[in-house]
Enquirer: 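Would you mind keeping the following structure in view while I ask a few things?
One-based numbering, in listed order, for ligands and for the atoms of each. Below, all heavy atoms of this structure are taken into account, side chains as well, without hydrogens, waters or symmetry copies.
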Amino acid sequence: MSLLFKNGEIITPNERYVADIFCEDETITRIDRNLTAPHDAEVIDARGKYVFPGFIDPHVHIYLPFMGTSAKDTHETASRAALVGGTTTLIEMICPGCEEKPLEAFELWLSKAEGASACDFSFHMGVTRYDEVAERDFREIVRRGVASFKVFLAYKGALGVTDEQLYQTLALAKSLGVITTAHCENADLVLELQKKLLAEGKTGPEWHYWSRPPVVEAEGVHHLMTFAEMTGAHVYIVHTSCEEALHEAMRGAERGVNVWVETLIQYLLLDRTEAEKLSFEGAKAVMSPPLRDKRNQPVLWNGLRQGFIATLATDHAPFDFATQKVMGRDDFTKIPNGIPSLEDRINLYFTHGVKAGRIDLHQFVATASTNAAKLFGLFPRKGTIQPGSDADLVVYDPNYCGRISAQTHQMNLDYNSFEGFEIEGRPHVVTVRGKVAAREGKFVGEVGRGKFLKRGATHFSRPEMGWWLAGQVPRLG
Ligand code: URP
Ligand code: ZN
Ligand code: ZN
């Protein structure tokens with residue numbers, strides 16, 4: 001089976017040129033002008049369109065038992081949504097309870113994804129306990145191709161780690177050459193603030209923000225920076241929402257901490273007034289860290305443009321309104337946390353980033369695909385367009401105009417937090433390893449074809465990033 005993409009404008013973090021791309025079986029084999037197709041090749045006309053490497057979402061929850069319920073998507077519904085939106089690889093968090101055995105959790109998550117996912121996938125291994133058995137399991141899980149850990153500094157008494165466990169995890173990660181991703185909020189502060197607010201009768205979704213203000217997130221980042229500095233481990237801060245937290249990460253980088261930062265499409269486009277909507281509608285906008293004041297949005301856009309924020313992810317965590325968000329009607333601390341956006345990340349980022357002139361095409365590809373591939377050991381198999389790479393390609397139509405709606409989305413959810421948002425661009429054709437998986441908003445792929453991507457340890461030294469990520473960290477004054 002072969003595919004020939006004709007006359008598309010190929011975009012990577014450092015290249016922009018018109019050429020044809022020939023793919024045989026699962027791989028890109030030639031890139032040149034005026035390639036001719038063998039008689040049995042499928043030809044895809046990409047003239048007037050961009051050709052991007054398949055997008056990577058490095059922060060996704062699909063199977064997620066959490067806050068007394070479980071996230072709604074299956075690997076089938078989530079991967080269909082991902083592909084329609086141009087995401088060809090996702091990295092899911094394995095989040096076992098603190099009593100569970102890590103290796104059993106890894107096997108459980110893998111068994112749920114294999115045979116069900118239509119897109120390629122990998123995992124970050126959640127560390128929710130640390131003892132002799134767990135450490136043996138973590139070493140084995142890394143050997144089996146999961147080359148990153150995930151720790152929660154939040155969610156005390158559930159998924160959260162103690163300082164002792166954090167230190168042990170980072171020391172192990174350092175010795176194994178793997179990166180540790182971290183949810184940074186001070187768990188004790190959150191708990192105390194929640195108790196105080198509830199005691200004052202402040203129970204609605206709008207109070208969620210006040211239980212986790214920016215300083216609580218900034219303290220979490222500062223805490224992680226201290227532990228990373230002490231252990232020399234490489235760390236990645238997930239879902240950075242505000243200026244205060246970003247500054248703590250940059251201060252860590254100034255001191256020589258090996259740190260990378262992720263933000264989410266939600267924080268770029270939604271703000272905390274969403275959680276203030278009446279009739280409990282605000283519950284749809286409850287996630288952690290919370291949506292912030294609008295003043296943070298230009299800071300995050302600048303961070304992406306200037307390279308201090310490496311990746312733009314989703315933290316996709318779908319809980320429906322009708323049966324799950326309502327669990328917190330009388331108590332905001334019981335609203336399952338999460339704002340899903342796996343399907344819409346790329347179209348929103350292109351519309352509000354590239355089309356609006358906030359980022360250029362190269363920064364767009366770097367932050368939504370290439371940097372994640374480099375940080376998480378998938379490059380150059382994923383995240384670029386070159387001979388030898390997987391034929392994961394997104395032929396993107398920059399002239400499409402449409403509107404987001406829960407009526408038409410693929411996600412298994414009864415609302416869309418971006419309902420009514422206009423999009424200016426969408427994937428025309430999406431391929432995964434040489435097979436068309438989505439076409440003009442429709443899933444045409446194969447459920448179960450998605451592969452588990454084994455990743456090796458790549459963090460014994462700093463991964464090579466694009467020039468604009470290698471720049472000096474400015475002094476903050
Ligand atoms: O609110 C969020 N972020 N839900 C998903 C779990 C997590 O903290 O990543
Ligand atoms: Zn989190
Ligand atoms: Zn998450």
Side-chain angles (χ1 to χ4, degrees), residues 57-73 78 90-98 109 121-128 148-161 166 180-187 190-191 194 205 208-209 211-212 216-217 219-221 223-224 235-242 245 249 261-268 270 272 274-275 282-292 311-321 324-325 327-328 332-342 345 372 376 411 413 415 417:
D57 190 338
H59 186 169
V60 175
H61 301 277
I62 301 173
Y63 176 57
L64 177 64
F66 184 52
M67 296 185 74
T69 184
S70 200
K72 287 293 278 197
D73 266 323
L90 56 84
I91 311 185
E92 186 186 358
M93 310 277 173
I94 298 173
C95 294
C98 53
W109 258 260
F121 57 92
S122 183
F123 299 105
H124 302 296
M125 185 62 218
V127 177
T128 51
S148 46
F149 294 146
K150 166 74 185 284
V151 288
F152 291 92
L153 307 195
Y155 307 131
K156 195 177 168 71
L159 301 171
V161 288
L166 175 62
T180 301
T181 71
H183 174 139
C184 296
E185 289 180 298
N186 183 303
V190 172
L191 205 61
Q194 285 177 335
H208 175 74
Y209 173 92
S211 68
R212 321 172 91 106
V216 167
E217 183 181 347
E219 201 290 321
V221 173
H223 207 79
L224 181 76
V235 291
Y236 173 96
I237 302 166
V238 299
H239 49 43
T240 306
S241 72
C242 61
V261 175
E262 167 196 282
T263 192
L264 309 179
I265 192 69
Q266 294 92 314
Y267 299 131
L268 296 178
L270 304 174
R272 74 184 175 89
E274 295 289 324
K284 294 176 182 171
V286 166
M287 68 174 298
S288 297
L291 297 177
R292 300 300 189 190
T311 57
L312 190 276
T314 63
D315 190 13
H316 183 72
F319 296 99
D320 73 18
F321 186 65
Q324 296 182 304
K325 291 282 186 181
M327 290 162 58
F332 70 87
T333 68
K334 296 194 165 61
I335 300 170
N337 286 199
I339 302 181
S341 58
L342 180 57
R345 170 183 69 132
F376 297 114
M411 299 180 290
L413 202 70
Y415 71 96
S417 292

Enquirer: Apply ring pair (Phe, Tyr, Trp, His ring centres under 6.0 Å) to His61 and Phe66, showing your working.
Expert: CA-CA 10 Å; His61 301 277; Phe66 184 52; 7.4 Å; no

Enquirer: What N/O/S atom of His183 gets nearest to the Zn ion (ligand 2)?
Expert: ND1

Enquirer: Can you sort out which atoms of ligand 1 are near Ala317, meaning under 4.0 Å from one of its heavy atoms?
Expert: 5 (C)

Enquirer: Evaluate the side-chain proximity of Trp109 to Met125: yes if any heavy-atom separation is below 4.5 Å, no if none is.
Expert: no

Enquirer: Under 3.5 Å, is there a donor-acceptor pair linking the side chains of Ser241 and Glu217?
Expert: yes

Enquirer: For ligand 1, which atoms have a heavy atom of His61 less than 4.0 angstrom away?
Expert: 5 (C), 6 (C), 7 (C), 9 (O)

Enquirer: Can you report which non-hydrogen protein atom sits closest to atom 3 (N) of ligand 1, along with the distance?
Expert: Asp315 OD2, 2.5 Å

Enquirer: With backbone taken as N, CA, C and O and side chain as the heavy atoms from C-beta onward, which portion of Met287 lies under 4.0 Å from ligand 1: side chain, backbone, both, or neither?
Expert: both

Enquirer: Can you name the one residue among Arg212, His223, Lys156 that meets side-chain hydrogen bond (donor to acceptor under 3.5 Å, both in side chains) with Glu185?
Expert: Arg212

Enquirer: When you measure from atom 4 (N) of ligand 1 to every protein heavy atom, which one gives the shortest distance, and what is it?
Expert: Asn337 O, 3.1 Å

Enquirer: Of the non-hydrogen atoms in Ser288 and Asp315, which two are nearest, and what is the gap between them?
Expert: O-OD2, 4.3 Å

Enquirer: Just by distance, with hydrogens left out, do Tyr236 and Thr311 show a side-chain donor and acceptor under 3.5 Å apart?
Expert: yes

Enquirer: When His183 is tested against each of His239, His59, Lys150 for side-chain hydrogen bond (donor to acceptor under 3.5 Å, both in side chains), which residue passes?
Expert: His239

Enquirer: Tell me: protein heavy atom nearest atom 1 (O) of ligand 1, and distance?
Expert: Ser288 N, 2.8 Å

Enquirer: Is the closest side-chain heavy-atom distance between Met411 and His316 below 4.5 Å?
Expert: yes

Enquirer: Met93: heavy atom below 4.0 Å from ligand 1, yes or no?
Expert: no

Enquirer: If you check every N/O/S atom of His61, which is the one nearest the Zn ion (ligand 3)?
Expert: NE2

Enquirer: Name whichever N, O or S atom of Asp315 ends up nearest to the Zn ion (ligand 3).
Expert: OD1

Enquirer: Kindly confirm whether the Zn ion (ligand 3) is within less than 2.8 Å of some N/O/S atom in His239?
Expert: no

Enquirer: Nearest protein heavy-atom contact for atom 7 (C) of ligand 1: which residue, which atom, what distance?
Expert: Tyr155 OH, 3.5 Å

